[in-house]
Number of protein chains: 2
Amino acid sequence: MRTLNERADVIPLIAEVFREFGFEGTSLSRITEKTGLGKGSLYHFFPGGKEEMARAVLAHVDAWFEREIYAPLRDGAPEPSIARMWLGVDDYFRSGRRVCLVGAFALDGTRDRFAAAIADYFIRWIAALRDALLRDGWDAGAAGDAAEEVVLGIQGALVLTRATQDEAVFGRALARFRRRLQQPAAI
Amino acid sequence: MRTLNERADVIPLIAEVFREFGFEGTSLSRITEKTGLGKGSLYHFFPGGKEEMARAVLAHVDAWFEREIYAPLRDGAPEPSIARMWLGVDDYFRSGRRVCLVGAFALDGTRDRFAAAIADYFIRWIAALRDALLRDGWDAGAAGDAAEEVVLGIQGALVLTRATQDEAVFGRALARFRRRLQQPAAI
DNA sequence: GACATCTTGTACCGAAAGGTACAATCTAGT
DNA sequence: ACTAGATTGTACCTTTCGGTACAAGATGTC
């Protein structure tokens, strides 16, 4: 069937628009421009309109992180899956050139509308990383602290990179966090 | 003269609106609602409209940080002025309940319009903190790294606090950073 | 009280917003 | 080839957007 594929294909494009302009700044005209789909098709795929598109995009992002980052952290060997996280994050955010949609939504007035999805994304990330650290021999307090610090730091690095237009900021931040997760004693 | 005072009085109110809804999400009707000023007055004080209001708000935020945080870091004794920074930041951001306007602007499509002001705010913060650390005996590399990490971490803490609606996140993050700036060797 | 200067409310503008209606078209299965 | 369903383009709706025009009202100065 072609229907499902087309809807799925269009979500990443819509995601880019939301990422670039935020929820309020994203207009249907910008979406039709980016996707090449008219309002007819758009409302056919997303009867709930803009809000349903945003929800689909959030779910899509969440699914990517669950598959590529969280699940490996929870189920795989700790050190390789943490190494994989660094690669995945750097790649996904294009070394800081790309912004985190969930983080951007968290900051503006949009938050309340998608509160559950937004909170979930971060809480699960922290929990998964903490889990990997625990299995790597960290004690509970330090693991929780470090996991929270790293996830929060990635968001901060994205803000600062975008603010200064200096990709090096993102690279330096990731390198610092990577080093820190290799020396539990220092925390 | 009453004119200047009134304009100055209204900027913090407008700032709150921008902080809550972002640039795109802030409409003139929301501003008139918050300030009690009609469009006539608003355009009298800010002939450039919404963009001039945003610019005035950014300048106002910048001036606050310059006066309360950056200048003390540059000119005062390092340790007391860093201690003052922690208090000022926690107070200003209301323990994470309040979002950083500059960070929020950096993330959405608004960034390009105010690029210079946004970059400046962060670059000067990092430079001032680095300066204080240098005068506190840190070596150049570690001071630059730590300053960048702290400023970036505060932004991340705001994102995460707002995302999870859990103020404790902000408090924990500030405590971690404070501790880290007291033990240069660990970096 | 007269006068010039601020200050404000009201009415209005064109453009764009999100959304709806629906007929025309395409596609798959038989 | 026929038909039911999925898909799409077009036209249109209401509301709100940022912004303008301008006359009326407030205000301080002399």
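We name chains A, B, ... by the order of the sequence lines, and we start the count at 1 in each one. It should be emphasised that the depicted structure is a prediction, and the values quoted were computed from it without experimental measurement.
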### Message
It should be established whether Ser27(B) places a side-chain nitrogen or oxygen under 4.0 Å from OP1 or OP2 of nucleotide dC17(D).
### Response
yes

#### Entry: Candidate nucleotides dG19(C), dG9(D), dT7(C), ranked by approach to the side chain of Ser41(A) - the nearest
dG9(D)

### Message
Rounding to an integer number of Å, can you tell me how far Phe45(A) CZ sits from dG19(C) C1'?
### Response
18 Å

## Note on the structure
Whichever of Pro47(A) and Arg30(A) has the more 5' nearest nucleotide on DNA chain C, that residue is Arg30(A)

### Query
Where the side chain of Leu28(B) is concerned, which of dT7(C), dG18(D), dA17(C) is the nearest nucleotide?
dG18(D)

### Query
Of the candidate nucleotides dT7(C), dG19(D), dC17(D), which contains the atom at the shortest distance from the side chain of Ser29(B)?
dC17(D)

### Query
Just wondering, do Tyr121(A) and Tyr70(A) contact through their side chains at under 4.5 Å, heavy atoms?
yes

### Message
Check Glu16(A) with Arg98(A), please: is the shortest side-chain N to carboxylate O separation under 4.0 Å?
### Response
no

### Task
Looking at every strand, decide which applies to Thr26(A) at a 4.0 Å heavy-atom threshold: base, sugar-phosphate, or nothing.
sugar-phosphate

### Message
Quick check: any donor-acceptor pair below 3.5 Å linking the side-chain of Lys39(A) to the base of dG19(C)?
### Response
yes

### Task
Would you kindly give the CZ-to-C1' distance between Phe46(A) and dT7(D), to the nearest whole Å?
14 Å

### Task
Name the closest nucleotide to the His44(A) side chain, picking from dT8(C), dA6(D), dG18(C).
dA6(D)

### Message
Please pick, from dT20(C), dT7(D), dC17(D), the nucleotide with the shortest atom-to-atom distance to any side-chain atom of Tyr43(A).
### Response
dT20(C)

### Message
I'd like to check Glu148(B) versus Arg176(A) (side-chain heavy atoms, cut-off strictly below 4.5 Å). Are they in contact?
### Response
yes

